[in-house]
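Just so you know, these numbers come straight off a predicted model, no measurement behind them.
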Amino acid sequence: MAPQTRGTSFPKIVIERDYDTEESSEEEEEHEEDDEALNDSEEASDEERLEEKDEASTSTKKRREPITISLKRVCKVCKKPGHEAGFRGATYIDCPMKPCFLCKMPGHTTMNCPHRVATEFGVSPAPFKSSHSSLEYVFERQIKCRLPAMKPAYVIPNKVNCAVIRYHSRRVTCLEFHPTKNNILISGDKKGQLGVWDYGKVHERIVYGNIHGCILNNMKFNPSNDGTIYGASSDGTVSSTDLETGISLSLVNLNPNGWQGPRNWRMLYGLDMNSDRGVLLAADNFGLLYMMDVRSNDVTGKPILIHKKGSKVTGLHCHPLQPDLLMSCGNDHFARIWDMRRLEPGSSIYNLPHKRVVNSAYFSPQSGSKILTTSQDNRIRVWDSIFGDLDSPSREIVHSHDFNRHLTPFRAEWDPKDVSESLVVVGRYISENFNGIALHPIDFIDVTTGQLVAEVMDPNITTISPVNKLHPRDDVLACGSSRSIFIWKPEENSELKRERDETKIILCGKSEKSGKGKLDDDSGDDDTYGSKSSKTKKPCIKSKVHGGKRKC
DNA sequence: AATTCATGAAACC
DNA sequence: TGGTTTCCCTGAAT
């Protein structure tokens, strides 16, 4: 089955950019070939040799050899001549000397990687092994029977419905849908700012700037009061913010004495709420877990080492049904399952090894019986039953979501609506040439088969979309790409519906260079465009930024 | 159009 | 083990 949206022509109705982006980019690169001649002709004229004398005589190091710089055309990846890596038009040519950028195996490039198949990424199935445990028996009898055997047809939100371009002043790091109000999306960014956007009323949005000093890594709604949201930040604090007022209080501050050097600065990443116990859990970059009582808004007990000492705990997730189960994942290449009743260093129930850093680890959203992890080894792993064999993942799905220090780490996210607990959304790192444009799609993967169900892209979104969240009730996808946020909905096919099929785009400030005191100065630059050809600009509410900035 | 910078993990010594 | 170097499909500004 071909994935949705693949190969189809782009819809006529597209996002209109601001009027000052005039380049029509119509000229297509026709010279796809014929570059080899350059390599063969030993361009001696281009070849220069520069000698750099060792001027660092003040340094106590021994004299360095003169550096010879060759200006001959070489591959930027392996520095060898004869080939060049990089974009040729909208197609990326890999360096053949490096392992495959997708599956990390040597001997081929992404171009002919067996995992880069049009409709299906690679899957390594693991044989079913029965553990014959009583827990597995319970699972088979009581839980698995509740999971429908037939999977309903997936409804894929494949068209941008509305967007705020340059909404945040830095890249988006996390997204949360409001648990009860359907059109409210909360977003966090690298600067620690928190956005509240009513994408139903497209113009109603606000950005609170005084909550955190740097990266807002994870957010979690307070289940007993959905007017407030918790946030864990690299500034070392956990915040509780009132969404109406933007007034925030700190539940914990791990850096009460300010900046004492990088070895002492504590950053909070993982965050989740255990409502049964009334505790908020957060974890830091030194491997420690902190617990906060949500009634007293105070830390309870001492921090517990749950990952390798000094390593970052990237994520926390409480089991949706079993309040005693907690999952954590981190830079020590493990996802770990814990019993909340016995939380002490080394007492994890299971340790799920990965080849690289684990960006995220989630129980499945409804039964909690499956586990989904995203690792920096470019693989999504699935364990089909937490009661079955956890020694090895049930499936490993090769998928391009490489680590890049300038991107928010990718996290494969369950579709919370999918009763079969098999649909997952994840952004893709490597681009593909879609009608002459290099685009980075957002992938929908059926993790029971590893099949790519849909790849979703828009010719106006040329940036990578590492942050994706599916709505808990509606067929809506929210995606954070660079500083912008996009709302996707299923495309309505009929011509009648097309009449009201309008993409609403809000363009915020062009740049933030002049904003010393304030952030996005979007005066006069903030407009909505109907995606039809009408150029009538509508008035709108400006993005609000509250408070100042803190150093991180 | 080419260059610069932001700055995290792994490889390297 | 620890400090240093590297860097690779980025994105935005200059």
Side-chain angles (χ1 to χ4, degrees), chain A residues 18 20-21 23 25 27 29 59 61-62 64 67 71 74-80 83-104 106 109-111 113 116 165-173 189-191 214-215 217 234 261-263 265 267 269 285 308-312 314 330-333 354-359 375-378 399-410 427-434 437-441 457 460-467 480-484 508-515 520 552:
Chain A
D18 202 358
D20 56 1
T21 55
E23 81 270 5
S25 65
E27 36 197 330
E29 281 98 322
S59 90
K61 285 182 181 174
K62 59 172 184 177
R64 280 179 290 171
I67 299 167
L71 296 183
V74 294
C75 171
K76 66 176 178 185
V77 177
C78 70
K79 312 284 186 282
K80 292 200 177 77
H83 64 273
E84 274 184 90
F87 275 105
R88 201 159 298 177
T91 307
Y92 192 89
I93 310 295
D94 292 273
C95 169
M97 311 302 281
K98 286 276 183 175
C100 172
F101 196 65
L102 209 199
C103 73
K104 308 300 174 196
T109 67
T110 56
M111 204 63 83
C113 175
R116 194 179 192 175
I165 309 295
R166 291 179 235 112
Y167 181 24
H168 283 268
S169 58
R170 288 286 186 276
R171 63 165 208 251
V172 173
T173 53
D189 72 25
K190 199 170 89 71
K191 246 180 172 168
C214 55
I215 315 177
N217 291 303
S234 289
R263 300 193 62 82
W265 187 259
M267 305 187 256
Y269 287 84
N285 57 326
K308 185 183 170 186
K309 193 181 175 188
S311 77
K312 185 195 294 178
T314 51
N331 277 23
D332 63 355
H333 301 190
H354 294 69
K355 291 199 180 66
R356 287 292 164 96
V357 168
V358 189
N359 290 342
S375 171
Q376 288 179 11
D377 66 353
N378 260 2
H399 179 265
S400 173
H401 49 255
D402 273 276
F403 170 79
N404 180 314
R405 67 182 179 281
H406 310 299
L407 299 175
T408 305
F410 290 84
R428 196 193 303 174
Y429 191 107
I430 51 171
S431 66
E432 218 155 319
N433 185 339
F434 290 98
I437 317 165
L439 299 175
H440 309 266
M457 84 294 289
N460 293 285
I461 309 173
T462 53
T463 48
I464 294 174
S465 308
V467 190
S481 194
S482 187
R483 297 160 55 186
S484 307
C508 295
K510 189 107 191 126
S511 76
E512 57 152 11
K513 62 183 175 211
S514 57
D520 282 339
C552 183

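When distances are taken from the side chain of A/R405 to each of C/dC9, B/dA10, B/dT7, the shortest belongs to B/dT7. Taking only side-chain atoms of A/H440, from C-beta outward, the nucleotide of C/dC8, B/dA6, C/dG11 with the closest atom is C/dG11. Here the nucleotide nearest the side chain of A/K312, chosen from C/dC8, B/dA11, B/dG8, is B/dG8. Of the candidate nucleotides B/dA9, C/dA12, C/dC9, C/dA12 has the atom lying nearest to any side-chain atom of A/S482. Closest to the side chain of A/R356, out of C/dA12, B/dA10, C/dC9, is B/dA10. Of the candidates B/dA9, C/dC8, C/dA12, B/dA9 carries the atom nearest the A/Q376 side chain, counting heavy atoms from C-beta on. Closest to the side chain of A/H406, from the set C/dC9, B/dA10, B/dT7, is B/dT7. Considering only the side chain of A/F403, B/dG8 comes nearest among B/dA6, C/dC7, B/dG8. In this structure, the nucleotide among C/dG11, B/dA9, C/dA13 sitting nearest to the side chain of A/V357 is B/dA9.
Looking at which nucleotide of DNA chain C each of A/S484 and A/C78 is closest to, the 5′-most match is held by A/C78. Across the interface with DNA chain B, nearest-nucleotide mapping of A/K355 and A/K190 shows A/K190 to be the residue nearer the 5′ end.
Applying the 4.0 Å criterion to OP1 and OP2 of C/dA13, one finds that A/R483 has a side-chain N or O inside that range. OP1 or OP2 of B/dG8 has not a single side-chain nitrogen or oxygen of A/N404 nearer than 4.0 Å.
Distance noted for atom C1' between C/dG11 and C/dC7: 16 Å (whole Å).
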Requested in this report: Just do the side chain to side chain donor-acceptor pair (under 3.5 Å) check on A/T314 and A/N331 with the steps written out, would you?
Outcome: CA-CA 7 Å; A/T314 51; A/N331 277 23; 5.1 Å; no

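For A/K308 and C/dT1, the NZ to C1' distance is 10 Å, given to the nearest whole Å.
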